[in-house]
Number of protein chains: 4
Amino acid sequence: MKQKKPKYKQIIDAAVIVIAENGYHQAQVSKIAKQAGVADGTIYLYFKNKEDILVSLFQEKMGEFIEKIEVEIKSAETAAEKLYKLIKTHFSLLAADHHLAIVTQLELRQSNKELRLRINEVLKGYLNVVDKIIRTGIETGEFRDEIDTRLARQMIFGTIDEIVTTWVMNEQKYPLSEQTQKVHQLLINGFAKSN
Amino acid sequence: MKQKKPKYKQIIDAAVIVIAENGYHQAQVSKIAKQAGVADGTIYLYFKNKEDILVSLFQEKMGEFIEKIEVEIKSAETAAEKLYKLIKTHFSLLAADHHLAIVTQLELRQSNKELRLRINEVLKGYLNVVDKIIRTGIETGEFRDEIDTRLARQMIFGTIDEIVTTWVMNEQKYPLSEQTQKVHQLLINGFAKSN
Amino acid sequence: MKQKKPKYKQIIDAAVIVIAENGYHQAQVSKIAKQAGVADGTIYLYFKNKEDILVSLFQEKMGEFIEKIEVEIKSAETAAEKLYKLIKTHFSLLAADHHLAIVTQLELRQSNKELRLRINEVLKGYLNVVDKIIRTGIETGEFRDEIDTRLARQMIFGTIDEIVTTWVMNEQKYPLSEQTQKVHQLLINGFAKSN
Amino acid sequence: MKQKKPKYKQIIDAAVIVIAENGYHQAQVSKIAKQAGVADGTIYLYFKNKEDILVSLFQEKMGEFIEKIEVEIKSAETAAEKLYKLIKTHFSLLAADHHLAIVTQLELRQSNKELRLRINEVLKGYLNVVDKIIRTGIETGEFRDEIDTRLARQMIFGTIDEIVTTWVMNEQKYPLSEQTQKVHQLLINGFAKSN
DNA sequence: TATGAATGAGAGTTCATTCAT
DNA sequence: TATGAATGAACTCTCATTCAT
């Protein structure tokens with residue numbers, strides 16, 4: 001059913017806008033339909049239910065997100081460089097789409113436990129990319145080999161996520177990308193062998 | 001005035017249990033009242049409205065949380081030790097109260113933006129404690145002095161929070177406290193001067 | 001938008017019945033919906049809220065009321081005859097619709113001040129009709145020209161209203177229309193030039 | 001039980017003030033108690049329930065009202081003069097107590113049917129005074145003897161009541177007493193034999 | 001495919017009254 | 001007499017989803 005027809009993307013984009021501008025709990029299906037320029041009932045020709053819109057939204061956007069990050073990372077040689085590219089791309093992509101930043105950092109977190117579990121499923125793709133960088137770093141000897149991959153991944157994701165969330169909550173007043181260097185330094189120091 | 005009468009705490013403790021066991025959106029006032037052993041109307045003799053219960057809950061619990069952490073930290077000499085104590089106490093307190101862990105890591109985050117802003121106000125007390133440790137570390141020369149305090153604080157909080165949340169989402173299957181040493185190592189490496 | 005669709009009138013008629021039979025404070029929206037044969041939510045497709053049902057009810061019914069009275073009055077020549085028709089039509093219309101009589105004389109008066117102010121707005125249409133009769137009478141020389149129009153209008157409306165209310169409170173045990181002649185006589189004597 | 005102790009009157013006067021200033025539906029028992037300077041529970045030592053406060057209020061005030069009117073009327077010779085005194089006193093007493101005017105003309109009418117029936121019981125005392133004047137007028141030959149006493153009484157009461165209510169609704173902007181002469185004229189013309 | 005009118009379940013909060021002190 | 005903490009019943013309105021057209 002869920003075909004990648006124009007209307008499918010149209011509805012998802014409408015959902016991002018409506019949620020960003022009205023907040024999660026004020027994003028009624030009828031509002032999304034209106035924003036998308038379709039009737040309420042039409043939504044249900046493309047999505048099973050409201051939750052399905054949100055999960056699909058996250059899948060679509062996170063899919064693009066991961067794709068772009070993987071492209072960037074490929075061109076990097078060392079694990080440290082790859083981590084740098086990951087942070088930079090993560091920051092850039094969200095800084096470039098304010099609506100999306102609000103939706104992923106603030107609004108979608110208000111969803112119930114069940115929906116958040118499904119979102120976490122999608123998030124695993126991102127976390128796998130992080131894991132790969134860490135393992136690469138250990139294999140190449142850049143990172144200390146007693147590092148616990150899961151903890152390292154949680155540190156990377158937790159740090160980046162917290163920084164972006166604070167930035168969104170402060171209404172994106174300062175440039176996010178400029179923090180890349182420092183954040184990268186802090187994280188790398190945590191992993192790297194001391195020389 | 002909202003005095004710390006027995007019934008006040010009784011209702012807050014009931015709220016923690018009800019929210020943890022039923023989820024944020026299924027935690028009706030009547031359920032909390034029943035759990036607390038009072039009539040629905042009695043709730044409103046101690047709290048202005050439902051939101052007030054939740055903010056008060058967070059204030060009370062976070063207050064105790066910060067108090068206990070500050071006691072532990074005082075007895076530590078170095079900034080590194082203080083950070084160790086902070087992580088250990090944070091992990092221990094949540095590991096010791098499964099209900100509270102669920103409520104703070106998962107359920108309370110489903111609240112709307114307004115309530116989350118008020119919760120963030122309370123959270124600032126915790127973040128100030130972290131800040132103090134970082135500044136101490138810089139002053140004593142344990143930490144590199146080019147460290148950005150805000151980013152370091154976000155790294156510490158983001159990392160700890162992500163670890164605890166994952167742990168709660170995995171239904172607290174593995175011991176949290178045992179991670180203290182490794183987490184501390186990762187973070188300290190990020191801050192410490194290399195020798 | 002509030003179009004005069006069948007369902008709009010259907011709900012208003014249901015409201016009259018429910019309020020007359022249960023009383024103002026026992027006329028829950030769900031009861032009105034049931035009586036109208038629609039779902040609770042449907043009410044809100046046609047009315048903004050409960051108060052809007054009541055104001056609309058009064059507007060609709062008073063609108064018809066005034067229309068019918070104006071038709072009757074037109075065919076009368078003298079001011080005295082016009083007044084006679086007004087009283088007669090007023091009595092007849094309420095005597096013909098017991099439910100409506102109860103609602104307008106007893107139940108709707110229990111509404112709060114704000115709603116009553118809005119009802120009074122609607123009532124002005126009726127009072128204007130009365131005023132016109134009085135002014136006509138003065139102009140044609142039937143009525144004494146030192147008469148204070150406002151007081152005369154208050155006498156006419158106050159008298160009619162009090163008579164109808166008493167009649168409703170006495171459970172409409174005696175025929176209302178038969179009083180027309182006497183009431184008219186009393187009022188006209190108040191206004192007419194003595195010969 | 002209902003002894004005329006100071007506290008009994010104290011509570012009734014508090015009720016008048018609270019209802020006048022807050023409106024019928026915002027006049028909670030607790031507010032009346034506070035205004036009277038007693039505890040909520042104390043109210044129930046002097047009144048059976050909330051309705052009893054309102055009926056008693058009406059009884060007390062209407063009692064004084066009738067007493068004063070009867071005193072004034074006694075000194076008048078003709079029925080016409082008696083009617084004049086009645087109107088004048090009615091207007092004066094309400095003009096002298098703005099709170100009471102609001103309560104009797106606007107707020108108490110929002111009570112439910114049952115309470116209004118009990119209030120009407122009390123009102124009968126007033127209506128009897130009116131009746132007596134009418135009968136006197138007929139007996140002395142001042143008034144036409146084909147007059148229907150009930151209708152005449154309804155005309156008198158309806159007219160006066162409507163005038164006072166409009167005056168209260170217009171926030172008592174113009175002097176009420178000055179209308180006495182004209183109102184009296186209108187009514188008397190209705191009843192008097194033409195010469 | 002597309003529409004949009006209709007559905008109906010579900011919960012926070014107030015306040016008159018009681019009763020142990 | 002006097003207190004005031006505690007009680008608990010009661011109701012409007014929203015919004016995801018359906019289905020006849």
Side-chain angles (χ1 to χ4, degrees), chain A residues 1 3 5 7-8 11 25-34 36-54, chain B residues 3 5-8 11 25-34 36-53, chain C residues 1 3 5-8 11 25-34 36-53, chain D residues 1 3 5-8 11 25-34 36-54:
Chain A
M1 218 53 45
Q3 297 159 43
K5 288 211 181 169
K7 222 160 253 186
Y8 172 80
I11 292 167
H25 290 292
Q26 280 308 304
Q28 294 87 349
V29 172
S30 61
K31 247 183 214 159
I32 295 172
K34 197 171 193 178
V38 300
D40 294 16
T42 307
I43 298 271
Y44 291 86
L45 299 175
Y46 295 90
F47 300 90
K48 227 178 73 215
N49 51 33
K50 188 180 178 181
E51 181 177 313
D52 190 30
I53 307 177
L54 304 174
Chain B
Q3 292 162 43
K5 288 199 186 173
K7 222 156 258 184
Y8 173 80
I11 291 166
H25 290 292
Q26 279 308 303
Q28 295 88 347
V29 172
S30 60
K31 251 183 213 159
I32 296 173
K34 198 169 193 179
V38 300
D40 292 18
T42 305
I43 300 271
Y44 292 87
L45 297 176
Y46 296 90
F47 300 90
K48 230 178 71 218
N49 50 34
K50 189 180 177 182
E51 179 176 315
D52 191 29
I53 307 177
Chain C
M1 291 348 108
Q3 295 163 41
K5 289 199 186 171
K7 223 156 258 184
Y8 173 80
I11 291 166
H25 290 293
Q26 279 308 303
Q28 295 88 346
V29 172
S30 60
K31 253 182 210 158
I32 296 173
K34 199 171 193 177
V38 300
D40 292 18
T42 305
I43 300 270
Y44 293 87
L45 297 177
Y46 296 90
F47 301 91
K48 230 178 70 217
N49 50 34
K50 189 180 177 181
E51 179 175 314
D52 191 30
I53 307 177
Chain D
M1 220 51 48
Q3 298 158 43
K5 289 210 182 170
K7 222 161 253 185
Y8 171 81
I11 291 166
H25 290 293
Q26 281 306 305
Q28 294 87 350
V29 172
S30 61
K31 248 183 214 158
I32 296 173
K34 198 172 192 177
V38 300
D40 294 16
T42 306
I43 299 270
Y44 292 87
L45 298 176
Y46 295 91
F47 300 90
K48 226 178 74 216
N49 51 32
K50 188 180 178 181
E51 183 176 312
D52 190 31
I53 306 176
L54 304 174

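Being a predicted model, the structure only gives us computed values, none of them experimental. Within every chain, numbering begins at 1; the chains are lettered A, B, ... in the order of the sequence lines, protein sequences first and strands thereafter.
As a whole-Å value, the separation of A/F47 CZ from F/dA16 P is 15 Å. If you measure from atom OH of A/Y8 to atom P of E/dT1, you get 15 Å, rounded to the nearest angstrom. Rounding to whole angstrom units, OH of residue A/Y46 and C1' of F/dT18 are separated by 18 Å. Rounded to a whole Å, the NZ atom of D/K31 is 19 Å from the P atom of F/dG4. A straight line from CG of A/D52 to C1' of F/dT17 spans 14 Å, rounded to a whole angstrom. One interatomic measurement links the two molecules: CD1 of A/I43 to P of F/dC15, which rounds to 15 Å at whole-angstrom precision. For the pair C/L45 CG and E/dG4 C1', the interatomic distance rounds to 10 Å; values are reported in whole Å. Separating the CD1 atom of C/I32 from the C1' atom of E/dG8 is a distance of 17 Å, rounded to the nearest angstrom.
Atoms CD1 and OH, on D/I53 and D/Y44 in that order, are 6.5 Å from each other to the nearest 0.5 Å.
In DNA chain E, runs of at least 3 consecutive Watson-Crick or G-U pairs, each pair with both distances below 3.5 Å, span E:2-21 with F:2-21.
The minimum heavy-atom distance between B/Y46 and B/I11, with the atom names listed, is CD1-CD1, 4.1 Å. Of all the heavy atoms in A/F47 and A/D52, the pair that sits closest is CA-OD2, 3.5 Å. The two residues D/D40 and D/S30 come nearest to each other via the heavy atoms OD2-CB, 3.4 Å. Closest non-hydrogen pair, B/A27 versus B/I32, comes out as O-CD1, 4.1 Å.
Residue A/A39 places its side chain closer to E/dT3 than to any other of E/dA2, E/dT3, F/dG4.
Contact between the side-chain N/O atoms of A/K7 and the OP1/OP2 oxygens of E/dA2 is found at a separation under 4.0 Å.
Remark: A/Q28 pairs with A/Q26, A/K31 by the side-chain hydrogen bond (donor to acceptor under 3.5 Å, both in side chains) rule, at least two apart or across chains.
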Worksheet item: Could you write nucleotides 10-16 of chain E as a row of B, S and -, 5' to 3', where a protein heavy atom under 4.0 Å of any base atom gives B, of only sugar-phosphate atoms gives S, and otherwise -?
Response: -SSBBSS
